[in-house]
Each structure stands twice: as structure tokens, then as C-alpha cells.
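All remarks here apply to the structure that follows.
For the numbers below, each heavy atom of this structure counts, side chains included, while hydrogens, waters and symmetry mates do not.
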Amino acid sequence: MGYEARVKSLIEHVMVALYPRTEALPGIEDTDVGAFLDRYHEESTFLMWLGLVAGTFVFIVTPILTVYWPLPSFLLPERTLDEHAHRVTSSRLYFLRQAIFLVKLAAGLFRGAHPEGRARFAMAPYDPDPGTRRTP
């Protein structure tokens, strides 16, 4: 597994932890987040991608600060991972909240555009992307 594939799998791990499956909505794991991340990497600026990767690593290394477990987030049990996700997003430390917000921003863009998620809110799916850059 190459470097980019490993980074992408870590980003997916964090997005799944932040947007889990519920009774009302599908989770990120129910969608093709891998294809979205490939497209996001291609179409976003370097700083946006860097922010997503940095936020991912902040989430992975901070369980020691939130749930007091000296493990990376991908080794936490599901219940503890959920508690970590809640605590890190509501932390009193602004830097932590903002770093995680960068991941939530990208995941929210994807989840909000996904046809199944839009259907749950009685919204029509988006038209297919014409593949051209849109300017105002």
C-alpha cells in the first residue's frame, strides 16, 4: 500500500468516526468516500488538502487528551472512538476544534451531496457534474 492510499484510509477512518451510520442517515462508510477523496485531492488547493490531512492526524493522535487512552484513534474500541469524536469536536482548545472542523468540512460536503443523504432530507439529487469549472 502506497503513501497516498495509507493517508486516504486514515482520512476515511476519521470521517467514519465523525459521521457514523444512524437510524436517520447513512454513514460515510455506506458511501464511496474513496472516490470522493480522489476527486477532492485533484480539485482542491494544496492548502485545503493539507488541512484535511493535518486535521486527520490531529484526530488520530489526540485520544490521550480526550479519553485518556495512549493509543491512536484507529486502535480504540468503537464506543471509546465515538466518545473521542464527541470530545475532540467539543474541546475547549480552539486549535483542536478547528483542525477537526477541516475534516468535518470535507466530509460534510460529500455527505450533503450524496444522493442517498439528499433523499433522506426530501431533496432532489444533484445533476451530474459537467466536468467543467464553473465561474460566477
Side-chain angles (χ1 to χ4, degrees):
M1 181 183 281
Y3 169 76
E4 286 187 19
R6 280 183 274 191
V7 169
K8 193 167 95 172
S9 69
L10 291 173
I11 294 170
E12 286 182 40
H13 155 74
V14 175
M15 286 182 170
V16 167
L18 294 171
Y19 288 98
R21 181 183 304 127
T22 67
E23 292 178 16
L25 291 170
I28 291 286
E29 69 265 26
D30 299 323
T31 62
D32 188 15
V33 70
F36 167 76
L37 288 174
D38 290 338
R39 185 170 169 205
Y40 189 82
H41 190 205
E42 283 179 29
E43 295 179 0
S44 67
T45 65
F46 172 75
L47 285 176
M48 287 178 68
W49 182 254
L50 181 64
L52 176 60
V53 172
T56 295
F57 284 103
V58 167
F59 184 92
I60 289 170
V61 300
T62 54
I64 189 73
L65 300 175
T66 58
V67 292
Y68 314 112
W69 286 43
L71 296 172
S73 65
F74 52 81
L75 295 178
L76 296 175
E78 187 175 338
R79 188 175 200 157
T80 308
L81 178 61
D82 187 52
E83 184 64 26
H84 168 58
H86 171 71
R87 288 183 182 181
V88 77
T89 57
S90 58
S91 170
R92 297 177 81 190
L93 300 173
Y94 183 75
F95 171 77
L96 284 181
R97 281 196 328 267
Q98 288 306 107
I100 304 309
F101 177 77
L102 296 173
V103 181
K104 290 184 75 168
L105 172 70
L109 287 171
F110 174 61
R111 193 176 192 192
H114 194 270
E116 190 175 337
R118 293 183 64 78
R120 299 281 176 109
F121 288 108
M123 298 170 76
Y126 283 131
D127 293 332
D129 186 356
T132 59
R133 185 177 175 113
R134 298 179 201 146
T135 57

Query raised in the report: So does Glu4 have more than 12 non-hydrogen atoms from other groups sitting under 6.0 Å from CD?
Result: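 No, because the 6.0 Å sphere around CD of Glu4 holds 12 heavy atoms or fewer from other groups.
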Hydrophobic clusters here meaning ILVMFWY residues chained together by side-chain heavy-atom distances under 4.5 Å, can you tell me if [X] and [Y] are in one?
| X | Y | answer |
| --- | --- | --- |
| Ile28 | Phe74 | yes |
| Leu75 | Leu65 | yes |
| Leu93 | Leu18 | yes |
| Val58 | Tyr68 | no |
| Leu102 | Phe95 | no |

Requested in this report: Taking the side chain as every heavy atom from C-beta outward, state whether Phe59 and Val103 have any atom pair closer than 4.5 Å.
Outcome: no
Query raised in the report: Is there a side-chain contact between Lys8 and Asp38 (heavy atoms, below 4.5 Å)?
Result: yes
Interatomic distance, [X] atom [atom1] to [Y] atom [atom2] [nearest 0.5 angstrom]:
| X | Y | atom1 | atom2 | result |
| --- | --- | --- | --- | --- |
| Lys104 | Phe101 | NZ | CZ | 8.5 Å |
| Arg87 | Ile100 | CZ | CD1 | 15.0 Å |
| Glu78 | Leu81 | CD | CG | 7.5 Å |
| Trp49 | Glu43 | CH2 | CD | 12.0 Å |

Considering non-hydrogen atoms only, spot the tightest contact between [X] and [Y] and give its length.
| X | Y | value |
| --- | --- | --- |
| Ala106 | Met15 | CB-CE, 3.8 Å |
| His84 | Ser73 | CD2-CB, 4.1 Å |
| Ala17 | Ala85 | O-CB, 3.7 Å |
| Pro72 | Pro63 | C-CG, 4.2 Å |
| Glu83 | Val67 | CG-CG1, 3.8 Å |
| Leu76 | Trp69 | CD2-CE3, 3.6 Å |

Report task. May I have the step-by-step check of side-chain contact (heavy atoms from CB on, under 4.5 Å) for Thr56 and Ile60, ending in yes or no? Result -> CA-CA 6 Å; Thr56 295; Ile60 289 170; 3.8 Å; yes
Query raised in the report: Would Phe57 and Leu10 count as a side-chain contact (heavy atoms from CB on, under 4.5 Å) if you check the C-alpha gap in whole Å, the side-chain angles of each, and the deciding distance to 0.1 Å?
Result: CA-CA 8 Å; Phe57 284 103; Leu10 291 173; 3.8 Å; yes
Report task. Determine the sole option in Ile11, Val14, Leu47, Val7 for which the side chain to side chain contact (heavy atoms under 4.5 Å, CB included) test with Leu52 is passed. Result -> Ile11
Query raised in the report: If only atom types and distance count, is the side chain of Asp30 paired as donor or acceptor with the main-chain N or O of Gly27 below 3.5 Å?
Result: yes
